[in-house]
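Data block below; observations after.
By convention in this document, chain letters (A, B, ...) are assigned in the order of the sequence lines, proteins followed by strands, and residues within each chain are numbered from 1.
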Amino acid sequence: MRDLLHHPLTFRLAALATIVLVITATFQAITPSYLSMSNFTAILRAMALNGVVALGLTFVIVLRKFDLSLAGVASLSAMTLGFAIQETNSLAFSMMACMAIGMVAGAVNGLLVGKFRLPDVVSTIAIGSICAGLAWIYNDGATFSQNFFSSGMVLFNTNRFFGIQMPVVVLIITAILTFLILHTTRFGNAFYASGENETATRYSGISVAGVSLVGFAICGALTALAMVLHVSGIGSARVTAGGQIMLPAYTSVYLGAALLSRPSVPATLVGAFLMTLLLNGFTLMSVPYYYSDAVVSLILIVAIVMFDPRILKVLRRPQTLLFKQSRAT
Amino acid sequence: MALTDIFRVFGLPLLLLGLIVLFAVNTGAFLTPTNLAGLAQSVAISILLFVGMTWIFTIGEIDVSFVAVAALANMIAAGLVNAGLGWPMATLISLVAALSIGLANGFLVAVMGLPSLITTIATGGIASALAAAVGLGSSVAIIEPSFLQVLFDVRFGIIPLVLIVALLVTAVLWYVQEKLTLGHYVFAMATNPRAVLEAGVPTARITVILFTFSAVLSGFAGVLIAVELSSGQPSIAGSLFIDGLTAVLLGGTMLKLGKPNIIGTVVGVLIIAVLVRGGALLGWSAPDFQIIKGGLLLVGVSVVVWTNRRDFMR
């Protein structure tokens, strides 16, 4: 019992539960509709979009790299989706085309960063810009909405699968798959190893270039998958589709990593859930978007400060702050 | 002189010259006084907005909040002028706002040791949120004329006063870079930050100074944009972001062993400005520019990495 009390995870989960309770109680006090069933589904749906992007980004962050092409890749894949639906009227094909484009764009990032060893920040900004430009070639930047009903694109968002909303199903499947890749395979370990020390990983016989290629490709593909949810949610594909996804995605990953001590699939899900709880509350209170942007940015700063190794050292044994008696290490 | 050295000194100027010739031949309107005057004005604002970032990149950090800082100063100036505070006071307060974002960046990066990219994404997010909050999400029109208007109105031939100011700033920065200890420290930090720190140089203080200085210059450019457009824009042209990165990194391919430097940045700004002006005359659209600028940025960064790696091999 004492051991359980002193286990770092116990403290973390308690802290997490407290945060969730405080957020929920605050918003419930201000807007009574916060704790309704319909709002809970709204939260889960909103979380699906953020969560899928953030899960992809997790792979890149685990590699200790950055992907700043998210907005451009999202825009290009959303327009690809719209174009494919208009031309083929086939939902399955269009979704695959959308994810394939996202994956290719991500793979190019991974190739530049891993194989050619270019700086990640600048090359992903460049690729993002190119993708954002390419997004216009389909329809000169005009909105796609043709065949959205007949192909089932609009219904995709509201369909239920065993009583669970489709976006939530997509999030769950994505979470399970990414968890399996990152946390149960040796290949997943290679991501963490490569992030910790690239040279040592290379000398251990792991292809760092290959790991980075796959990591960025997953990030691109999942960004595109999130765009499937986004496009089916608003019922049309526009070039502005990816404008708002980057800040919440980074905040989700870093917030989760700060709370659970390192970036991982469960951490990102926790981060995305907390973020969505907050953003949803702001939406219900009809707080203007710019204030919620400021709050998200503030959370991001707090999260990276908490993620800082020196501060993490304290957080890793947080009970020392409370109980004063630290076990000798 | 080895071939790479010749390329390093003359590569970018030749590219610039090539672009000018290309546009002069293909469009009748490129070398007209009106077009060149417009070019001079946009070059001046871009130089002020981007040149401060150069040394941040030199020491291996990055600042992605510069457009947001410019937007914040721009909106605060517009909001305060409309509130009746008068231009001088509004300009001062805008610059103080920009300064505080820069100080925050410098403090978080240099003192707290946080990664500069993600930090400036967050501070930039706050700055642009505040900028939008000033105008409640929309742009603000300014009626009262500014004392800074003189920078645009006074012209020597086709050269507006603002370009001369920008070039003076550049000259001072070049002097600092080449002749003063601060400049030597910055480029020493680019080569081996650890050794510089061990030698007793206050690298943290220098980093804070660089971030703060860059933010103030960006803020000043933001105020100038408010003067130029007679309005405050919460999201001043998003293309400025990639323009700034491309100018600095493309400029880094020139001189100084592939490190971003003042002259390089100015040439980078010129190349982008010529490309944008000339391309617009040829009828290129915004997405065309995005693709071309992305390509240019990739080429620039590849050349920097390639030459640095060769130096390392020697």
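By number of non-hydrogen pairs under 4.5 angstrom with chain A, the leading residue of B/Leu136, B/Thr246, B/Ile292 is B/Leu136. Ranked by heavy-atom pairs under 4.5 Å with chain A, the list B/Val301, B/Leu298, B/Ile118, B/Val64 is led by B/Ile118. The candidate from A/Thr251, A/Ile301, A/Asp293 with the greatest count of non-hydrogen atom pairs under 4.5 Å with chain B is A/Ile301.
Looking at A/Ile137, there are no atoms closer than 4.5 Å to chain B (heavy atoms on both sides), in backbone or side chain. Proximity to chain B is limited to the side chain of A/Leu68, based on heavy atoms less than 4.5 angstrom apart. For A/Val121, the part sitting under 4.5 Å from any heavy atom of chain B is the side chain, from C-beta outward, and nothing else. With a 4.5 angstrom heavy-atom cutoff, B/Leu117 touches chain A only via side-chain atoms.
Using a distance-only test at 3.5 Å, with no hydrogens or angles considered, no donor-acceptor pair links the side chain of B/Thr123 to the main chain of B/Ile101. The closest donor-acceptor contact from the side chain of A/Ser129 to the backbone of B/Gln290 lies under 3.5 Å.
B/Leu270 CG to B/Thr265 OG1: the interatomic distance, rounded to the nearest 0.5 Å, is 11.0 Å. To the nearest 0.5 Å, the span separating CG on B/Leu240 from CD1 on B/Ile272 amounts to 10.0 Å.
In this structure, A/Phe282 has its ring center at least 6.0 angstrom away from the ring center of A/Tyr291.
In summary, A/Glu196 and A/Arg262 do not engage in a salt bridge, as defined by a charged side-chain N under 4.0 Å from a carboxylate O.
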